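Read the numbers this way: they start at 1 and go in the same order the structure lists the ligands and their atoms. What you see is a predicted model; the values in this text were computed from it and never measured.
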Amino acid sequence: MAKIIVANWKMNGSLAFMKTWVPALTSDLASTSNQVIICPPFPFLFPLSAALKGTSAHLGAQNCHTTPHGPFTGEVSAAMLADIGCQAVIVGHSERRTLFSETNDLIKAKAEAVHAAGMTAIICIGESLTIRQSGRAIDTVIQQCQASLPPSATPENTRVAYEPLWAIGTGLTASLREITEMHQALHAATKVPIPLLYGGSVTEENATDILSLPHVDGVLVGGASLNMAAFQKIIR
Ligand code: 13P
């Protein structure tokens, strides 16, 4: 079955990087049935949309504001992102929740704005190591998921990405059992079957095993998405 492969470049990349990265990806995009979504930093969205024209890849942003326009210096609206060809926006990444104090309510409003602009919201959720060690991971993540999903969410316009905080950028991937348990619980808790992604130290070595787990519809890839050879293997 086709899977969803999302590249989250975070605050990395450059025009020079894109010049080598995109052509290398083109043949893999032509030969895969997987849906590939590339999320670079804001300045690279527009040039990337031109570079990806004619390929099957979708363009995604890493954040957006809740309102379409207005006096919000430094912010970018979902409507603007749709205008330049974005099809998806990541909202509520743990780095935004932790470093920029984003709450479930704010993330829910951002996801609603993404839907209103006709795009897909990739809503991130995940527990800290302390919560995992206290045995409350599943309850915490389910609660976070329910509090972040807006009423406008459907299986077509939303993906939920489970990213345990302790697995992000640490090389510590959640075990296949931990991923299975969490995805089963999330699948049971969401009223409609929203596609579920896993993120957290996904590499070319573990992607196949993770993607073959029940209720894992795709992966959200950080560091390995910046390594062309690794990302090509994940797409394949
Ligand atoms: P890493 O793949 O670098 O662990 O990052 C995961 C992530 O945060 C993707 O959104």
*Given side chains that start at C-beta, do those of Val76 and Cys64 come closer than 4.5 Å, heavy atoms only?*
no
*Set of residues satisfying side chain to side chain donor-acceptor pair (under 3.5 Å) with respect to Lys108, sequence neighbours excluded*: none
*Side chain, backbone, both or neither: which part of Asn8 has a heavy atom under 4.0 Å from ligand 1?*
side chain
If you look only at distance, which donor and acceptor atoms sit under 3.5 Å apart when one is on a side chain in residues 117-132 and the other is two or more places apart or in another chain?
| from | atom 1 | to | atom 2 | distance (Å) |
| --- | --- | --- | --- | --- |
| Glu127 | OE1 | Tyr162 | OH | 2.9 |
| Glu127 | OE2 | Arg132 | NE | 2.9 |
| Glu127 | OE2 | Arg132 | NH2 | 3.2 |
| Glu127 | OE2 | Tyr162 | OH | 3.0 |
| Glu127 | OE2 | Trp166 | NE1 | 3.0 |
| Ser128 | OG | Ile131 | N | 3.2 |
| Arg132 | NH2 | Tyr162 | OH | 3.1 |

Just to confirm my output: which protein heavy-atom neighbour is closest to [atom], and how far is it?
| atom | value |
| --- | --- |
| atom 2 (O) of ligand 1 | Gly222 N, 2.9 Å |
| atom 7 (C) of ligand 1 | Glu163 OE2, 3.1 Å |
| atom 4 (O) of ligand 1 | Gly169 N, 2.6 Å |
| atom 3 (O) of ligand 1 | Gly223 N, 2.8 Å |

_Identified side chain to side chain donor-acceptor pair (under 3.5 Å) counterpart of Ser148 within the set Glu102, Arg97, Gln143, Lys110_ = Arg97
*Do NZ/NE/NH1/NH2 and the carboxylate oxygens of Asp28 and Arg236 come within less than 4.0 Å?*
yes
*Numbering the atoms of ligand 1 from 1, which are under 4.0 Å from a heavy atom of Lys10?*
5 (O), 6 (C), 7 (C), 8 (O)
*asked:* Show the atoms of ligand 1 that are less than 4.0 angstrom away from any heavy atom in Ala167.
replied: 4 (O)
*asked:* Yes or no: does Ala161 have any heavy atom under 4.0 Å from an atom of ligand 1?
replied: no
*Looking only at heavy atoms of Ser201, does any of them come nearer than 4.0 Å to an atom of ligand 1?*
yes
*So, for Trp9 and Phe44, is the gap between ring centers shorter than 6.0 Å?*
no
*Is it true that atom CZ of Phe72 has more than 12 heavy atoms of other residues, nucleotides or ligands lying nearer than 6.0 Å?*
yes
